Amino acid sequence: MSAVMKPDNQAERKAFYDRIDTRNVTPLWEVLHGLIIKEPNTQAKPYLWDWAQMKPWILESAKLITAEEAERRVLVLENPGLRGKSRITNSLYAGLQLIMPGEVAPAHRHSQSALRFVIEGHGAYTSVEGEKVFMSPGDFIITPSWTFHDHGNPGTEPVIWMDGLDVAIVELFDAQFLERPDSKVQHTSKSQGESFARFATTMLPLNYRASSGTSPLFWYPYDRSREALATLSKVEDPHPAHGWKLQYANPATGGFVMPTIATFLQMIPKGFRGQDYRSTDATAFTVIEGTGTFTCAGQSFRYGPKDVFVAPSWRPWHLDADEESVIFSFSDRPVQQALDLWREQA
Ligand code: GTQ
């Protein structure tokens with residue numbers, strides 16, 4: 001008789017599994033092929049949140065709750081394949097935040113890094129570690145991990161922006177902290193534009209050494225980024241999948257703007273028919289200008305200004321433009337690259 005048996009007794013196996021289960025042990029061979037797989041197979045789905053539908057709901061939410069009571073009055077954009085998890089991708093959170101004239105969203109700080117991308121309205125500010133910046137549509141703003149921030153609207157219009165946070169990444173590591181100060185709004189100790197003067201002019205403070213992985217510049221106004229793309233579009237051919245696309249950079253290191261989230265701005269010309277592209281970093285997009293079609297994994301969505309759409313990890317997608325379009329996007333690429341996981345395929 002061979003020393004190696006080939007047991008095929010299901011009842012015996014089950015009895016064994018039940019015995020080891022009582023001490024929190026489980027057989028790998030029953031789960032292996034769901035753990036170690038050939039390629040990404042995300043639950044996340046491609047989807048588009050249509051601004052014409054979202055805007056009235058966002059404004060309606062102001063009749064139900066104040067920014068102060070809500071702490072943050074946000075409608076969360078949940079990926080249809082990940083409902084109930086507050087995620088637009090498996091690793092990232094996105095939401096649309098509203099602040100009405102006269103309101104403040106009280107100060108707090110948390111381990112999660114956040115980005116704001118301004119969608120609509122003027123006259124609201126966000127304050128980061130005592131420095132206020134007034135937001136205009138198309139502006140990209142960073143709230144670094146563990147920095148106090150509050151938002152306010154001393155103006156006359158509702159202001160809406162998209163939030164992007166690394167909630168699920170911080171949760172993966174069980175490394176989340178939150179602190180609320182005694183005062184609702186921060187004493188603004190710095191003048192507006194201080195960090196812009198220090199970091200946005202291709203110069204740096206004397207002997208500057210980066211002290212964190214987040215960009216010391218936290219406000220990237222739209223007009224400058226838009227102009228850069230317009231200039232590039234006159235001097236070079238568009239990339240077959242991305243058009244003219246730039247990544248926002250930490251001016252002190254040249255790296256991404258946050259340790260966990262990369263941000264991008266791209267322009268595609270009128271009539272553009274983009275090639276299929278996929279990468280392991282699932283990506284959320286917001287349209288600033290233009291109309292066209294986003295196609296991902298066989299599903300097509302018409303896009304227009306202020307729509308948000310999402311491409312899951314490793315699902316092929318492409319963009320077709322009816323009009324010249326400018327699109328902001330963000331993903332967890334810095335984390336994947338730091339861990340040597342990131343892949344792309346054109
Ligand atoms: O503005 O600090 O959309 O803490 C979710 C959590 C925004 C914020 C969100 C937050 C914030």
Side-chain angles (χ1 to χ4, degrees), residues 49 51 54-55 57-59 61-62 64-79 82-100 103-121 123-135 139-154 158-172 175-181 183-186 188 214 218-220 257-261 263 284-286 306 308 310 328-332:
W49 289 266
W51 179 249
M54 295 307 297
K55 183 175 177 178
W57 285 342
I58 295 162
L59 294 175
S61 73
L64 303 174
I65 195 164
T66 64
E68 198 175 334
E69 191 196 344
E71 189 160 344
R72 297 294 184 263
R73 192 207 286 113
V74 180
L75 295 186
V76 179
L77 305 182
E78 285 200 313
N79 189 290
L82 306 169
R83 292 305 312 275
K85 295 181 160 184
S86 303
R87 299 178 188 186
I88 190 161
T89 72
N90 213 22
S91 66
L92 295 170
Y93 158 101
L96 296 173
Q97 179 159 180
L98 166 67
I99 188 143
M100 295 295 281
E103 287 191 320
V104 295
H108 66 197
R109 63 175 173 177
H110 40 67
S111 309
Q112 292 82 6
S113 296
L115 70 87
R116 331 273 166 205
F117 190 80
V118 185
I119 307 254
E120 192 169 279
Y125 65 82
T126 189
S127 179
V128 177
E129 290 284 326
E131 185 174 346
K132 248 183 204 180
V133 54
F134 278 86
M135 303 185 271
D139 290 359
F140 159 57
I141 292 153
I142 300 170
T143 310
S145 172
W146 207 241
T147 55
F148 279 112
H149 54 284
D150 55 81
H151 319 298
N153 184 350
V159 176
I160 300 167
W161 64 85
M162 181 182 66
D163 290 317
L165 282 82
D166 55 2
V167 177
I169 299 174
V170 181
E171 189 182 311
L172 174 67
Q176 60 279 69
F177 295 90
L178 165 71
E179 194 172 87
R180 295 187 186 87
S183 68
K184 273 193 316 207
V185 292
Q186 297 174 74
T188 40
T214 304
F218 69 94
W219 174 47
Y220 294 73
V257 287
M258 282 175 275
T260 47
I261 306 177
T263 54
F285 300 82
T286 312
K306 307 176 191 186
V308 176
V310 61
F328 173 85
S329 57
F330 69 101
S331 80
D332 63 12

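Both ligands and their constituent atoms are indexed starting at 1 by order of listing. Here the structure is a predicted model, which means the values were calculated and not measured.
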task: Please tell me if the side chains of Ile141 and Trp161 come closer than 4.5 Å, counting only heavy atoms from C-beta onward.
output: no
message: Looking only at protein heavy atoms, which one is nearest to atom 6 (C) of ligand 1, and what is the separation?
response: Leu165 CD2, 3.9 Å
statement: For Val74, the ligand 1 atoms with a heavy-atom partner under 4.0 Å come out as 3 (O)
field: Atom indices of ligand 1, in the order listed, that fall short of 4.0 Å to a heavy atom of His151
entry: 1 (O), 8 (C)
message: In terms of relative ring orientation, are Phe117 and Phe328 parallel, tilted or perpendicular, with 30° and 60° separating the classes?
response: parallel
query: Side chain or backbone of Gln112 under 4.0 Å from ligand 1, or both, or neither, by non-hydrogen atoms?
result: neither
- request: Nearest 0.5 Å please: distance from the NE2 atom of His110 over to the CZ atom of Arg180.
  value: 10.0 Å
- prompt: From Tyr93 OH over to Arg87 CZ, what is the distance, rounded to the nearest 0.5 angstrom?
  reply: 13.5 Å
Contact check, side chains of Gln176 and Gln112, non-hydrogen atoms, under 4.5 Å: yes
message: What protein heavy atom lies closest to atom 11 (C) of ligand 1? Include the residue and the distance to one decimal.
response: Arg72 CG, 3.6 Å
statement: Closest to atom 7 (C) of ligand 1 among protein heavy atoms sits Asp163 OD2, 3.3 Å
task: Let me see the working for Tyr125 and Val159 under side-chain contact (heavy atoms from CB on, under 4.5 Å), right down to the final yes or no.
output: CA-CA 9 Å; Tyr125 65 82; Val159 176; over 6 Å; no
query: Does Arg116 have a heavy atom less than 4.0 Å from any atom of ligand 1?
result: yes
query: Who gets closest to atom 2 (O) of ligand 1 by heavy atom: His149, Arg109, Gln97?
result: His149
field: Those atoms of ligand 1 less than 4.0 Å from some heavy atom in His110
entry: 2 (O), 4 (O), 10 (C)
query: Can you tell me the protein heavy atom closest to atom 5 (C) of ligand 1 and the distance?
result: Tyr93 OH, 3.5 Å
message: Which label fits Phe140 and Tyr220: parallel for a plane angle under 30°, tilted from 30 to 60°, or perpendicular past 60°?
response: tilted
